[in-house]
Amino acid sequence: MVQRDFFQDVHDVVRLIPPGRVTSYGAIAAYLGAKAGARTVGWAMMAGHSVPDLACHRVVNRLGMLTGKHHFGSPDAMQQALEAEGVPVEDDRITDFAQRFWDPAKELG
DNA sequence: TGTGTGACGGGCG
DNA sequence: TCGCCCGCCACAC
């Protein structure tokens, strides 16, 4: 494997998340081989602010909470983006997170 | 090289 | 589910 930035890998996985689906930081971290590095994934998201194609709104914590909404332009931007894709959000939380959950390690192999 | 940091996750109650 | 504590990883300086 090429010495690729961890951020690049994270962004790459996020790009593969199908519309209407969501995943967690831990899932991405696990897929990249750093299951304990979920925090780093979140860090990569923030760093990904310079990446326009990055659908960071599809990435939430393990409980399906929109913990990163505050890092968007507006606190409601994340929720609106999700609802626009058909993902119901209530009280900063994805109601049917279990069904909407998209595991990269499982979907991508 | 060491230190600080962060959009997390797991265990416990 | 939430709050608290602790451990983990990668990056910037």
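In this text the structure is predicted, and so the values were computed from the model without any measurement.
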DNA chain C-proximal residues of residues 83-101 of chain A, any heavy atom under 4.0 Å: Arg93(A)

So, with a heavy-atom separation below 4.0 Å from DNA chain C, the residues of residues 55-68 of chain A are Leu63(A), Met65(A)

[X] side, atom [atom1]; [Y] side, atom [atom2] - distance, nearest 0.5 Å:
X        : Y        : atom1 : atom2 : answer
Ile94(A) : Gln79(A) : CD1   : CD    : 10.0 Å
Thr40(A) : Asp9(A)  : OG1   : CG    : 12.0 Å
Ser24(A) : Leu63(A) : OG    : CG    : 9.5 Å
Tyr31(A) : Thr23(A) : OH    : OG1   : 11.5 Å
His11(A) : Phe6(A)  : NE2   : CZ    : 10.0 Å
Asp96(A) : Glu90(A) : CG    : CD    : 11.0 Å

Taking side chain to side chain contact (heavy atoms under 4.5 Å, CB included) as the criterion, tell me which of [options] meets it with [X].
X        : options                                : answer
Leu66(A) : Val22(A), Asn61(A), Val59(A), Leu82(A) : Leu82(A)
Val60(A) : Met78(A), Arg93(A), Lys69(A), Met65(A) : Met78(A)
Val10(A) : Val51(A), Asp5(A), Ile28(A)            : Ile28(A)

Of Ser24(A) and Val41(A), whose closest DNA chain B nucleotide lies nearer the 5' terminus? Val41(A)

Dot-bracket, DNA chain C: Watson-Crick or G-U, under 3.5 angstrom, [ ] crossing, | other strand? .||||||.|||||

Has Arg100(A) got a side-chain atom pairing as donor or acceptor with Thr95(A)'s backbone, closer than 3.5 angstrom? no

Taking His71(A)'s backbone N and O only, do any of them form a donor-acceptor pair with His49(A)'s side chain (distance below 3.5 Å, no angle check)? yes

Between Tyr25(A) and Met45(A), is a side-chain contact (heavy atoms from CB on, under 4.5 Å) present by the stated rule, with each step listed? CA-CA 9 Å; Tyr25(A) 303 96; Met45(A) 297 276 91; 4.0 Å; yes

Test side chain to side chain donor-acceptor pair (under 3.5 Å) applied to Glu107(A) - qualifying residues, sequence neighbours left out: none

Provide a list of protein-nucleic acid N or O atom pairs under 3.5 angstrom, restricted to nucleotides 5-9 of chain C.
| from | atom 1 | to | atom 2 | distance (Å) |
| --- | --- | --- | --- | --- |
| dG7(C) | O6 | Arg39(A) | NH1 | 3.0 |
| dC8(C) | O2 | Ala36(A) | O | 3.3 |
| dC8(C) | N3 | Arg39(A) | NH1 | 3.3 |
| dC8(C) | N4 | Arg39(A) | NH1 | 3.2 |
| dC9(C) | O2 | Thr40(A) | OG1 | 2.4 |

Check the angle between the aromatic planes of Phe101(A) and Phe97(A) and answer parallel, tilted or perpendicular using the 30° and 60° thresholds. perpendicular

Which nucleotide of DNA chain B is the first, and which the last, in the 5' to 3' direction, to come under 4.0 Å of a heavy atom belonging to chain A? dG6(B) to dG10(B)

Answer yes or no: is there an ion pair linking Arg58(A) with Glu85(A), defined by an N-O contact shorter than 4.0 Å? yes

